[in-house]
Amino acid sequence: MATISIADLAVSYSGNRVIDGLDLQIAAGSFYTLLGPSGCGKTTLLRTLAGFLPVERGRIRFGDRDVTALPAHRRDIGMVFQDYALFPDKTVYDNVAYGLRARAQDEATIRLRVGEYLDRVGLGGLAARHPAALSGGQRQRVALARALVIQPQVLLMDEPLSNLDAKLRVQVRETIADLQREAGITTVFVTHDQEEALALSDRIGLMRQGRIEQNASPQDIYRLPASAYVADFVGAANVLAVEAVTPDAAGDGVTVTLAGRRIIARVPRRLSGGAVLLIARPEDLRLARCGATANAVSGAIVRKQYLGGRTSYRVRCAADGAGIAGPDVMVELHGAGHNDWDEGAAVDVLFDPQASIVTAS
Amino acid sequence: MTGAWQVRSIWFWLSIAVVVILAVFLLYPLVNVLASSFGGARAEGRSGWQVLLVEPRYLKAVANTVTLGLIVTLTCTLVGVPLAYIAARHSFPGKVLIAILPLTTLIVPEVIAAQTWLMMLGNNGLLTRTLAGWGIALPSFYGWFGLITVMTFIYYTYVYIGTLAAIRGFDVQLEEAARSLGTSPARSRWQVMVPVVLPSILASALLVFTLVVGNFAVATILGHKVDLLSVITYQTFVSEVGADPVMQSTLASVSIGIVAVVLFIQRFVLARGRFEITLGRGARPEPLRGASAWALALAAGFVVVISLLPLVTVMAGAFTRARGPVMRWGEWTTANLERVLINAPDPILNTLLFAGIATVASLIFSTGVSYLIVKKRSALTPVIDYLSSLPLALSGTVIGIGLVMSFNTGWLALTGTSAIIVLAYLIRRLPFGIRNASSTLYNVPNSIEEASISLGVPPGRSFLKVVLPLMIPSVAAAGVLVWTTTVAELSASVVVYSGGRETLPIQIFRLIDSGLMAQASAYGIVLVAIILIPIIVATTVFKLDIFGAR
């Protein structure tokens with residue numbers, strides 16, 4: 001178990017400076033997820049931690065060891081790859097035993113440990129098989145056992161679930177969560193799947209263009225996104241350009257105008273003034289019959305999509321006093337009567353002051 | 001600073017070593033050939049290029065070579081493409097026979113093909129004499145008739161294999177899509193399939209052209225009345241009286257130039273015609289019935305029989321009694337075979353020794369090089385990639401002359417040793433070994449090696465423990481292919497060999513030149529056996545997919 005400290009890191013990949021001046025602390029024993037779209041630098045960062053990419057500038061420490069210049073095979077890491085990377089000519093047993101043999105453990109210990117870890121991932125009976133005879137989910141479990149059996153200081157996972165189908169993804173996800181919690185190994189997990197990130201992580205680093213846009217708990221990432229980019233990447237969000245009217249000096253609230261109406265929302269971070277954005281998740285909005293409802297804008301339903309347990313509505317807000325057309329707002333209703341509104345209906349969209357936030361644009 | 005451990009890795013130094021080796025043994029001889037063509041060694045002080053432009057014989061040879069190349073390319077396409085189409089899309093009686101076609105170019109060395117065609121259609125040939133007995137006079141086989149016929153039946157398999165792979169890889173769903181949009185089956189095929197497979201056909205046709213330009217065995221044996229570039233280059237080189245280093249270099253440079261132009265065209269064609277081909281469902285062969293089926297079967301069978309004729313002829317010739325050049329067909333004997341196996345086995349032993357060393361060395365070198373090219377890309381990778389595929393563009397004659405010119409004297413005098421023969425073998429078959437050894441490497445994901453490293457095994461040992469075992473099947477297949485093509489090598493080894501170091505193809509070539517066909521046949525079947533046995537063992541005992549790798 002070790003804290004990972006990254007200081008002023010710069011990494012180039014095929015001539016491009018992908019990461020430039022990144023600082024990050026990952027707490028010992030925690031499950032840290034690097035989340036972001038493809039090309040944001042998350043895999044580059046992971047491979048740099050592993051030692052597969054050279055560092056141009058900066059320091060990486062695992063606990064009190066400076067590993068910046070240490071080659072990959074001496075970093076004491078476990079790594080799980082997107083394509084499993086099992087050795088195809090070796091059996092499941094030999095795959096898992098590989099790292100122990102490299103550490104010159106005696107065969108009796110190896111047998112014990114391999115057996116133990118194969119049981120943990122639920123593959124006790126498959127030790128003699130070759131990887132080709134396993135399903136995708138089983139392969140990734142072998143890869144997991146192989147990485148964990150050496151009890152590494154740091155566990156690195158590069159989109160380990162993305163080659164699995166939806167159902168298996170959830171199963172293997174649970175295995176990963178259980179094993180990580182039991183072993184308490186500091187884990188860095190790379191994914192572009194927000195649901196995975198929210199479900200597994202102690203903390204999430206949401207990456208954009210080689211920087212960490214927000215480093216926070218899953219709850220804060222979802223509830224208090226630091227920017228429109230974060231709100232939009234994690235879950236669905238209405239991001240609406242509004243004007244701040246009264247910055248509320250006392251509390252953390254603010255009043256803004258949207259389509260000519262006043263909306264009260266939270267301000268988690270100080271605003272520097274000027275144009276701001278109102279962020280509200282579709283599921284936090286309600287619909288009401290058109291009237292003078294407080295904290296609401298009026299509009300008309302232009303599109304409705306029935307999705308089984310919920311219904312999604314697109315509401316076109318009415319023009320404001322100056323005649324400028326209002327924005328479209330997505331509203332998602334759950335529970336009783338979620339399907340009761342019809343296309344064309346004139347409605348008010350109600351904003352929850354606690355679940356709507358305002359950030360700088 | 002911290003990137004230093006990567007820069008100084010073992011792979012970096014290996015890359016440097018490979019570049020140095022290729023520069024010394026491949027680039028330096030090539031530059032020597034090109035450079036000395038500009039020298040003025042002749043008394044008149046004219047450069048080789050000036051001589052070339054005024055001597056009608058040389059210009060004629062260039063024109064003949066290009067003409068022959070164009071004609072054979074055309075005839076090969078006319079035979080190979082329809083055959084491939086039939087094989088890919090139809091089934092008919094006796095179709096399995098076609099499957100052995102790719103084998104024939106491999107197991108029948110060019111020198112034996114030329115020899116056996118002569119035994120049939122030469123001045124003393126069995127067919128020539130039989131037909132003459134019936135009052136039918138054939139045109140002389142020495143010349144255009146023989147050159148075109150023999151080269152067509154040697155080289156059409158390249159077009160066949162290339163086209164077949166393209167048609168098989170073509171996704172029939174595209175054709176079905178065209179039909180669903182309202183075009184007839186035949187038109188759909190023409191409009192959808194032809195443009196997709198055309199680049200492959202062109203690429204294999206251009207390959208045939210370069211092979212014809214570089215061909216030495218057939219050109220020398222059958223081209224008595226037709227001056228061809230490869231032949232007069234060789235003659236200029238060996239000529240006892242007027243050995244002319246300038247002219248040999250100039251002529252070699254011309255053939256390099258012709259092939260360079262063709263490769264340039266090929267690049268251009270491939271770059272323009274490269275479609276994103278998604279590997280789709282191949283077509284199910286449609287069974288043919290009735291007269292058309294039998295007509296096709298007959299035509300295909302004819303091609304197969306002609307392709308296999310050299311094998312039959314060389315077998316018969318080896319066991320036929322002969323007095324000097326006269327074959328006594330119908331009188332059987334084992335005397336020829338006894339003679340080559342017991343009295344004069346040196347060519348056999350030389351071949352086994354030289355080709356054996358060359359194959360082992362080639363495998364080690366090409367396994368390392370393909371690993372560097374595919375997995376350890378660096379600034380040197382394009383250089384290695386380019387240099388190591390250079391021999392594809394050079395005929396054996398050019399490689400041989402380059403080696404002799406470069407290592408005749410000086411710090412590394414190899415001329416007259418066995419080492420230069422092994423070196424010629426190695427360089428000629430280098431692209432072959434690398435292409436085959438690297439074929440599986442592309443399918444081995446980098447992550448496997450990284451997984452091993454992440455588990456604590458250093459990079460060098462990770463390669464040995466994880467990657468090398470996965471390469472073994474393709475390396476073995478490459479070994480069989482390098483071996484079979486090396487033991488049959490003639491054009492480079494005939495330039496660099498010295499007395500007492502004759503290999504089988506060289507000895508066969510000399511015997512054909514003296515008209516001793518029976519003895520040539522006896523060496524011929526030994527050569528075919530040396531080629532065939534490893535192929536049979538590899539495919540049946542070890543289940544190697546040799547032709548997949550090809």
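Just so you know, these numbers come straight off a predicted model, no measurement behind them. In what follows, every chain begins at residue 1, and chains take the letters A, B, ... in the order their sequences are listed.
- Considering only heavy-atom pairs separated by less than 4.5 Å from chain A, the leading option among B:Pro445, B:Ser462, B:Pro459 is B:Pro459.
- A distance-only check finds a donor-acceptor pair linking the side chain of B:Lys375 to the backbone of B:Leu441 [under 3.5 Å].
- Within the 4.5 angstrom heavy-atom criterion, only backbone atoms of A:Leu86 (N, CA, C, O) approach chain B.
- A:Arg103 touches chain B through its side chain: at least one heavy atom from C-beta onward sits under 4.5 Å away, while N, CA, C and O do not.
- Proximity to chain B (any heavy atom under 4.5 Å) is shown, for A:Arg101, by neither the backbone nor the side chain.
- Under a 3.5 Å cut-off, the side chain of A:Gln140 and the backbone N or O of A:Pro160 do form a donor-acceptor pair.
- Contacts between A:Asp83 and chain B at a heavy-atom distance below 4.5 Å involve the side chain alone, from C-beta outward.
- Note on A:Glu116 versus A:Arg120: salt bridge recorded, some NZ/NE/NH1/NH2 to OD/OE distance being below 4.0 Å.
- A donor-acceptor pair under 3.5 Å is absent between the side-chain atoms of A:Arg74 and the main chain of A:Val67, judged by distance alone.
- Contact of the B:Asp385 side chain with the B:Ile434 side chain is not registered, since no non-hydrogen atoms from C-beta on lie closer than 4.5 Å.
- Heavy atoms of A:Ile150 lying under 4.5 Å from chain B belong exclusively to its side chain.
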